[in-house]
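Beneath this line is the structure, given in structure tokens, with notes to follow.
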Amino acid sequence: MSHSHTDQEAHNAEAMAEIKKVTIILSVFTIVELILGFWMISLTSEALILAIKGTIVILMMAKAFYIVAYFMHLKHEVKNLIMTIVVPLSLFVWFIGAFLWDGSSFRDLRNKYNPYFKEQSTIKGARSS
Amino acid sequence: MSTTTTASPNEAKLWGGGKSPFNSEYGKVMMWYFLMSDAFTFGAFLISYGTVRFSTNGWPNSNEVFKSFPFAPEGVNAPLVFVSIMTFILIISSVTMVLAVHAGKNMDKQGVVRNMILTIIGGIAFLSCQAWEWNHLFHEGAWWGANPFLNADGTASTTNFTNFFFTITGFHGFHVFSGVVINIIMLIMTLMDKFEQRGHYLMIEKAGLYWHFVDLVWVFVFTIFYLL
């Protein structure tokens, strides 16, 4: 049937347009990340560096979304299937928050109560051993 | 009996048997769950890296460590250049993989073969880049348990940085290697007309999911090790 044939062609064109769009988005995001990375090398302001790092993390998450949603086609799957994959992964929200907080707290506690640890991290140059 | 039909006939039909509720093939669904578990493995690696980095006063500057480039003279200062090439190689190979899956859906054997070959070349190119980088770092004295780099503030560094770098990029590189092997097997099966006989190219889709996952992990590894 000629009707279903043109339908197929329209679908193909749509899919190719989507692949092209996502490729461009991924490349642009990567280039922006690299520009920010190069810019960061010459910076000294802690606050600005932190802001740039935050931007880079947001771009990283956006790239991950585009790869999973379009290249891996998850966006076109049945909603129930999407949920069985995405809901368990939401564990990462706790996982990242809790562990980074714990690491930071461990550093503060060691700097406060472990003079040896604090002194070791002020010695310039390579370790003798 | 039609009078016993529940209020949501769609749901009853969806889970009532006779059709796949996820509208997806078994192997593909299982590939998704495997990749989800793999995401937790990589997530655990990267989060432990973050935790250790947050619990340490000093950390090496990645722009100092990764500043070399193949065939460039010793002491060249080119941070981010080589790794950006590696990143683009992997993105491009991901795109050719999408094109292979797309060709497979149209039963276009020639398209599948062409794009699978390009994807395999991309994977091998990435592995070669990584081999060069590992070799270079090893000759600078970096390895598991050995860190020649000072912290960014010039203080003595621990071996945490190199241990995490080689473990995580090594685990990712092993995934890339497995992906290349899987893609080569898929290419051979395509050339042997296995999928033409089956009437579908679903295996290419499953290999594609794995390959995209490898690219996805690199997005995180690249950002966390080289940019942050």
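Contacts with chain B were tallied for A:Leu36, A:Ile56, A:Ile49, A:Leu59; A:Ile56 has the most, counting heavy-atom pairs under 4.5 Å. Put simply, of B:Ile224, B:Asn151, B:Thr56, the one with the most heavy-atom pairs under 4.5 Å next to chain A is B:Thr56. Taking chain A as the reference chain and counting heavy-atom pairs below 4.5 Å, the highest number among B:Leu99, B:Leu227, B:Asn61 is found for B:Leu227. Most heavy-atom pairs under 4.5 Å with chain B: of the set A:Lys53, A:Lys118, A:Lys79, this distinction falls to A:Lys53.
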Residues B:Ile91, A:Thr30; criterion side-chain contact (heavy atoms from CB on, under 4.5 Å); working and verdict: CA-CA 10 Å; B:Ile91 288 177; A:Thr30 306; 3.4 Å; yes
Full working for side chain to side chain donor-acceptor pair (under 3.5 Å) between B:Asn106 and A:Gln8: CA-CA 9 Å; B:Asn106 292 331; A:Gln8 179 71 28; 3.1 Å; yes
Anything under 3.5 Å between a donor and an acceptor, one on a side chain of residues 79-89 of chain B, the other on a protein residue two or more places apart or in another chain? List them.
residue	atom	partner	partner atom	Å
B:Ser84	OG	B:Leu80	O	3.0
B:Ser84	OG	B:Val81	O	2.6
B:Thr87	OG1	B:Val83	O	2.8
B:Thr87	OG1	B:Trp218	NE1	3.2

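Residues B:Lys28 and A:Glu77 have side chains in contact (heavy-atom distance under 4.5 Å, counting atoms from C-beta outward). Annotation: side chain of B:Phe222 is not in contact with side chain of A:Met60 (no heavy-atom distance under 4.5 Å). The side-chain heavy atoms of B:Ser24 and A:Leu81, taken from C-beta on, include a pair separated by under 4.5 Å. At least one side-chain heavy atom of B:Phe213 sits less than 4.5 Å from a side-chain heavy atom of A:Met72. The shortest distance between side-chain heavy atoms of B:Val95 and A:Phe71 falls below 4.5 Å. Between A:Thr84 and B:Phe22, the closest side-chain pair of non-hydrogen atoms falls below 4.5 Å. In this structure the side chain of B:Tyr33 reaches within 4.5 angstrom of the side chain of A:Ile85, judged on heavy atoms.
Nearest heavy-atom pair, A:Met61 versus B:Phe220, reported as atom, atom and distance to 0.1 Å: SD-CE2, 4.0 Å. In terms of heavy atoms, B:His212 sits closest to A:Ile67 at O-CG2, 3.9 Å. Contact between B:Ala39 and A:Leu89 at its shortest, heavy atoms only, is CB-CD2, 4.1 Å.
If you check the side chains of A:Gln120 and B:Asn57, you find no donor sitting under 3.5 Å from an acceptor.
Contact of A:Asp108 with chain B is not made at all, since no heavy-atom distance falls under 4.5 Å. Of the two parts of A:Leu34, the backbone and the side chain both hold a non-hydrogen atom closer than 4.5 Å to a non-hydrogen atom of chain B. Residue A:Tyr70 does not touch chain B at all, counting heavy-atom pairs closer than 4.5 Å. Contacts of B:Asn23 with chain A are made by both backbone and side-chain atoms, with heavy-atom separations under 4.5 Å. In this structure, the portion of A:Val57 lying under 4.5 Å from any heavy atom of chain B is its side chain and not its backbone. Looking at B:Pro21, the atoms closer than 4.5 Å to chain A (heavy atoms on both sides) all sit in the backbone: N, CA, C or O. Contact of B:Leu35 with chain A is made through the side chain alone, with heavy-atom distances under 4.5 Å. If you measure heavy-atom distances from A:Ile123 to chain B, the contacts under 4.5 Å come from the backbone alone. A:Leu91 touches chain B through its side chain: at least one heavy atom from C-beta onward sits under 4.5 Å away, while N, CA, C and O do not.
In this structure, the side chain of A:Arg110 engages the main chain of B:Ser55 through a donor-acceptor pair within 3.5 Å. Under the 3.5 Å distance criterion, the side-chain polar atoms of A:Lys63 are left unmatched by any main-chain donor or acceptor of B:Leu216.
Counting non-hydrogen atoms of other residues, nucleotides and ligands closer than 6.0 Å to CH2 of B:Trp144 gives a total above 12. With a 6.0 Å radius and a threshold of 12 heavy atoms from other residues, nucleotides or ligands, A:Phe117 has its CZ atom above the threshold. Within a 6.0 Å sphere centred on NE2 of A:His11, heavy atoms belonging to other residues, nucleotides or ligands number 12 at most.
Using the six-membered ring where Trp is involved, B:Phe40 and A:Phe92 have ring planes that are parallel, under 30° apart on the 30 and 60° scheme.
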